[in-house]
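In what follows, a single structure is set out as structure tokens and then discussed.
Throughout, a chain's letter reflects where its sequence line sits, starting with A, and its residues are numbered from 1. Since the structure is predicted, the reported quantities are computational estimates derived from the model, not experimental observations.
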Amino acid sequence: MVESSQNDNIEILTYSEVEEVGGYIGNFEVKIRKKARLVDLEKCTGCGTCYQKCPVKVPSEFDMEMGMRKAIYVPFPQAVPNVPVIDKEHCRMFTKGKCSICQKLCQADAIDYEQEDEIIEDKFGAIVVATGYDLFDASVYGEYGGGRFKDVISGLQLERLISPSGPTGGHIIRPSDGKEPKNVVFIQCVGSRDVEKGRPYCSNVCCMYTAKHAVLLKEHLPEVQTNIFYMDIRSPGKNYEQFVQRTMEQFGALYIRGRVSKIYQRGDKLIVKGADTLAACQVEVEADMVVLATGITARHDSKEVATKLGIPYDEFGFFTELHPKLAPIETVTSGVFLTGACQAPKDIPDTVASASGAASKVAALFSSDRMSMAPLVSTIDTSVCSMCKACMEVCPYGAIQEEEITLRDGTKKKQLTVLESVCHGCGACVSTCKSSCIMLRGMTDEQIFDELMAVAQ
Amino acid sequence: MIYQLNANVRNFGETISELSGVDISTCYQCGKCTAGCPVVMEMSHTPNQIMRLIQLGLKDEVLSSPTPWLCASCETCTTRCPKEVDIAKIMDTLRILALKEGYKRKEPNVVAFNKIFLDSIKNNGRLQETKLAMAFNFKTLQFFKDMMLGQKLFMKGKISFSGDAISGVDAVKAIFERSKGFLDKGER
Amino acid sequence: MAYGYYPGCSAHGTAKEYDISTRKVCVKLGIQLEDVADWNCCGASPAHATSEELSLALPLRNLALAEKQGLNSIMTTCSACYNRLKVAHETVKESPETLDRINDIVGEPYNKTLKVTHFVNFLSEEVGLEKLKEKVVKPLKDVKAACYYGCLLTRPPELVTIDADPENPTIMDGIVEALGAEAPDWSHKTECCGASLALSRTDIVVRLSGEILKAARFADADCIIVACPLCYANLDMRQSQIASRHGVDYSLPILFISELMGIALGVNYDELGIDKHMVSAANMLREKGLM
């Protein structure tokens with residue numbers, strides 16, 4: 001991100017949201033709400049005095065609520081730009097109407113409580129969607145405590161505990177009592193491959209991140225025993241399988257083939273009741289900490305984003321590509337490309353590959369002023385068209401637009417027209433048109449009849 | 001052990017699916033049923049093994065297993081199954097089928113208990129606990145089972161030898177006669 | 001308006017006190033119960049282990065009778081009966097074809113009009129915790145009462161659950177707290193006691209019930225509160241066997257929820273039938289100043 005922020009050709013709009021998308025490929029008109037961060041981007045030097053002195057503490061979203069942040073804060077240490085934001089919901093200036101400590105202390109005079117959202121309207125040639133994913137909320141697993149047990153944490157929480165910039169400074173301790181865990185259980189497929197919880201798909205990343213966690217845990221705490229309940233180990237990436245084997249052989253992880261039925265608290269221990277289907281028995285582990293390998297879900301607002309962009313999404317809220325094999329980055333809306341986990345659960349190498357693909361697609365698109373495309377597009381015979389607009393409704397690509405033309409006698413007339421760069425030639429409009437005034441180039445009725453005649457001869 | 005699998009491997013599973021209304025092929029062998037089963041330590045086959053044996057079409061192995069008879073019908077497996085397989089229902093289906101086809105009773109006491117229990121309802125409309133316990137002990141030759149407990153219960157006025165029958169006994173009897181699947185032909 | 005009441009077979013035998021105390025408590029609460037006349041056994045687990053049709057037809061006869069009697073609802077105190085009545089009701093509600101088939105077997109038509117409840121959700125939904133609180137005359141101060149739900153009140157959740165969270169139900173806890181007692185969170189709320197194997201494999205029941213008692217003891221409970229005669233039978237009546245088998249005498253009183261309510265609502269101790277228990281609750285109640 002730092003590198004991108006220093007590139008002259010890249011403008012980063014953080015803390016901003018796309019409100020509306022209009023236009024079409026090469027000519028998108030986008031309305032962006034740049035939210036008021038209440039700190040002047042230009043003036044702020046990133047000195048950090050404001051958030052050091054802010055008196056309000058709020059659970060940190062970035063630390064998975066295991067640590068605290070202030071009401072004025074930088075979301076995470078490497079954030080770009082290194083400019084804090086004021087959380088209006090918790091800032092005393094907004095909850096109680098007084099405080100202004102940060103404003104008084106800011107030497108750059110960057111704090112502006114009056115700042116308002118800014119609306120940016122601009123034209124863009126292409127859109128790359130990279131909105132990412134949400135972590136599955138494991139509290140629906142009542143049998144795993146449903147969030148009641150402090151020492152049952154998610155993989156991402158463990159990630160924060162391991163991180164040197166995390167809430168414990170990289171010291172792996174139990175959230176309940178701050179003790180180092182000695183016996184740790186990992187449960188895979190929490191919110192993945194689980195029809196009952198509405199997540200039948202594989203989240204793709206959990207097998208490998210769990211193996212990584214087991215390795216890191218052993219490196220940090222050499223005495224620790226890791227026990228990993230799994231159904232299948234999915235390690236098809238380059239060198240992945242060798243990594244998993246090393247986790248078992250060199251880092252002493254015990255892989256147990258079976259799911260866990262229940263976790264309960266007994267004193268300061270967590271009793272994990274699982275199965276080992278290979279040994280055909282029940283196993284009980286007295287654990288100090290349990291890490292749930294929670295899966296990937298679509299972002300909570302992915303459907304609204306899809307609606308704004310005019311792209312389809314699947315039953316789980318992941319955006320749908322134009323073709324799963326042959327056009328995995330394109331969408332039905334020309335000029336809108338997908339990358340990363342907003343499309344489907346992806347790990348880092350896959351995400352980097354798809355991002356590179358999307359960038360190349362955009363670069364190719366921008367490399368010339370004209371674009372070449374398949375000639376199979378619809379045309380409307382406006383002299384016959386009754387302007388019922390049924391075609392506009394059925395067009396999945398938004399390729400049919402209403403335009404106003406001036407006739408020779410000076411009168412104005414409205415008519416429909418097909419945006420050739422947007423049309424995919426699906427034919428939906430052709431079969432919908434009651435006055436038969438739409439035709440697909442290269443697939444006219446005459447051409448099809450001729451083909452049939454030729455076949456019949 | 002070597003199991004010979006032939007082209008009809010799926011027949012038994014399909015029969016069970018049909019009888020129970022539960023699709024056997026759904027089970028992906030995660031073992032969550034076994035993980036939560038309260039009776040698993042008494043079982044020769046764990047619940048997920050029973051599901052697997054059905055998938056493999058090993059009818060004799062399944063229907064002569066004591067596992068379905070040991071199932072306590074607590075439905076923990078069904079409740080937590082990630083594939084929504086009603087395993088408890090499968091256990092019911094296996095019990096019914098094993099009785100119908102005359103497989104050897106690996107848990108004869110359970111079979112005897114169920115029979116005496118239902119006979120009691122059939123004849124009285126309601127269950128008479130005292131008579132049930134006595135008949136069960138007599139049938140399974142455990143004459144002194146729970147005798148101490150019985151004495152204490154008697155002292156507490158909880159034991160009654162008089163009947164608690166209903167006037168609609170005939171209606172209940174008719175229900176038994178009209179209900180299908182009630183076919184215990186004894187061991188073959 | 002009278003509520004339909006289905007006592008179940010155990011109410012006439014090993015769980016007499018459950019029936020007695022339920023009726024007393026309902027009088028205190030001003031609730032009129034009307035027994036379903038000529039009710040029959042629900043079939044319990046032997047029925048569904050033997051014939052699916054039988055397992056639906058036996059409970060359905062009771063529902064049909066209650067309907068015929070002009071009742072709108074049917075409440076039972078036994079979790080096993082509740083489970084069978086509710087499963088039958090829900091099954092025929094889902095499938096008109098099954099309803100026709102079972103109606104033919106029963107010989108009395110059931111029109112799916114009843115509301116099937118268990119005493120516990122009857123209390124919290126029909127009576128309401130606020131009203132319950134008002135009626136408390138002897139708050140159960142310092143009583144740590146571990147609520148045991150067992151299997152059949154919560155599973156399978158799509159059909160029978162009386163609580164939104166089948167893994168950690170709290171509906172009974174709410175009632176117990178309304179009475180002024182403390183309901184600890186504990187690990188074995190919904191573990192199985194092995195009821196269906198009570199006579200045929202008593203060894204299993206003794207093991208499973210022993211684990212439940214151990215967990216309740218671990219939670220520092222003064223007593224376990226049950227809402228089912230079968231849970232009660234295993235936890236109370238088998239306690240001496242559990243003691244000789246595991247070498248630990250828990251001496252943990254097992255009380256029906258109606259009995260606990262009776263005490264709090266000011267019903268005379270002698271009228272509740274608590275003295276019929278194998279493990280006496282008298283010492284515990286005396287210690288807490290409730291007797």
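Only the side chain of B:I121 has a heavy atom closer than 4.5 Å to any heavy atom of chain C. Interface remark: C:A198 contributes backbone atoms only to the contact with chain B (heavy atom separation under 4.5 Å). The contact between B:L70 and chain C is made by backbone and side chain atoms together, counting heavy-atom distances below 4.5 Å. The parts of C:L199 that come within reach of chain B are both its backbone and its side chain, each placing non-hydrogen atoms under 4.5 angstrom from that chain. Contact annotation for C:I105: both backbone and side-chain heavy atoms come within less than 4.5 Å of a heavy atom of chain B. There is no contact between C:E211 and chain B, counting heavy-atom distances below 4.5 Å.
Atoms SG and CZ, on C:C41 and B:R126 in that order, are 10.0 Å from each other to the nearest 0.5 Å. With rounding to the nearest 0.5 Å, the separation of CD in B:Q128 from SG in C:C9 is 9.0 Å. If you take OG1 on B:T130 and NE2 on C:H12, they are separated by 13.0 Å, rounding to the nearest 0.5 Å. Here the straight-line distance linking atom CG of C:D275 with atom NZ of B:K156 works out to 6.5 Å at 0.5 Å rounding. If you take CZ on C:R155 and OG on B:S73, they are separated by 11.5 Å, rounding to the nearest 0.5 Å. Rounded to the nearest 0.5 angstrom, C:E158 CD and B:D86 CG are separated by 8.0 Å.
Looking at heavy atoms from C-beta onward, B:R178 lies out of side-chain contact with C:D104 at the 4.5 angstrom threshold. B:R95 has its side chain out of reach of C:T50: every pair of non-hydrogen atoms, C-beta onward, lies at least 4.5 Å apart. Side-chain atoms of C:E167 and B:T79, non-hydrogen and from C-beta on, do get closer than 4.5 Å to each other. Taking 4.5 Å as the limit, some side-chain heavy atom of C:L54 sits within range of a side-chain heavy atom of B:L118. Within the 4.5 Å cutoff, side-chain heavy atoms of B:D146 are placed close to those of C:R238. Under the 4.5 Å side-chain criterion, counting only non-hydrogen atoms from C-beta, B:V169 is not in contact with C:N40. A 4.5 Å side-chain heavy-atom check between C:M237 and B:L153 finds at least one atom pair inside the cut-off. By the 4.5 Å heavy-atom criterion applied to side chains, B:N109 and C:L197 are not counted as neighbours.
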Checking side chain to side chain contact (heavy atoms under 4.5 Å, CB included) for the pair C:M278/B:L149: CA distance, chi angles, key distance, verdict? CA-CA 9 Å; C:M278 291 292 130; B:L149 181 61; 4.3 Å; yes
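Atom NZ of C:K214 has 12 or fewer heavy atoms from other residues, nucleotides or ligands within 6.0 Å. Surrounding CZ of B:R10 are at most 12 heavy atoms belonging to other residues, nucleotides or ligands under 6.0 Å away. Around CD of B:E18, the count of heavy atoms belonging to other residues, nucleotides or ligands within 6.0 Å does not exceed 12.
With chain B as the partner, the residue from C:G194, C:P157, C:G273, C:A195 showing the most heavy-atom pairs under 4.5 Å is C:P157. The candidate from B:C71, B:A72, B:C74 with the greatest count of non-hydrogen atom pairs under 4.5 Å with chain C is B:C74. Chain B forms more heavy-atom pairs under 4.5 Å with one residue of C:C151, C:A49, C:A57 than with any other, namely C:A49. Interface check for chain B: of the options C:V205, C:L65, C:I204, the most heavy-atom pairs under 4.5 Å are formed by C:I204. Most heavy-atom pairs under 4.5 Å with chain C: of the set B:N137, B:T140, B:N114, B:L132, this distinction falls to B:N114. Most heavy-atom pairs under 4.5 Å with chain C, from the set B:L94, B:T93, B:T78, B:T76: that is B:T76. Note: C:R201 leads C:K16, C:H277, C:R201, C:Q241 in heavy-atom pairs under 4.5 Å with chain B.
No side-chain donor from either of B:E107 and C:S200 sits under 3.5 Å from a side-chain acceptor of the other.
When all heavy atoms of B:F113 and C:S196 are compared, the pair lying nearest together is CE2-O, 4.1 Å. Nearest approach of C:S10 to B:E129, heavy atoms of both residues: OG-OE2, 2.9 Å. The minimum heavy-atom distance linking C:G43 with B:F117 is given by the pair O-CE2, 3.6 Å. Nearest approach of B:G168 to C:R61, heavy atoms of both residues: CA-NH2, 3.7 Å.
The residues C:R207 and B:E42 are annotated as salt-bridged, a charged nitrogen and a carboxylate oxygen being separated by less than 4.0 angstrom.
No donor-acceptor pair closer than 3.5 Å links the side chain of C:D38 to the backbone N or O of B:I166.
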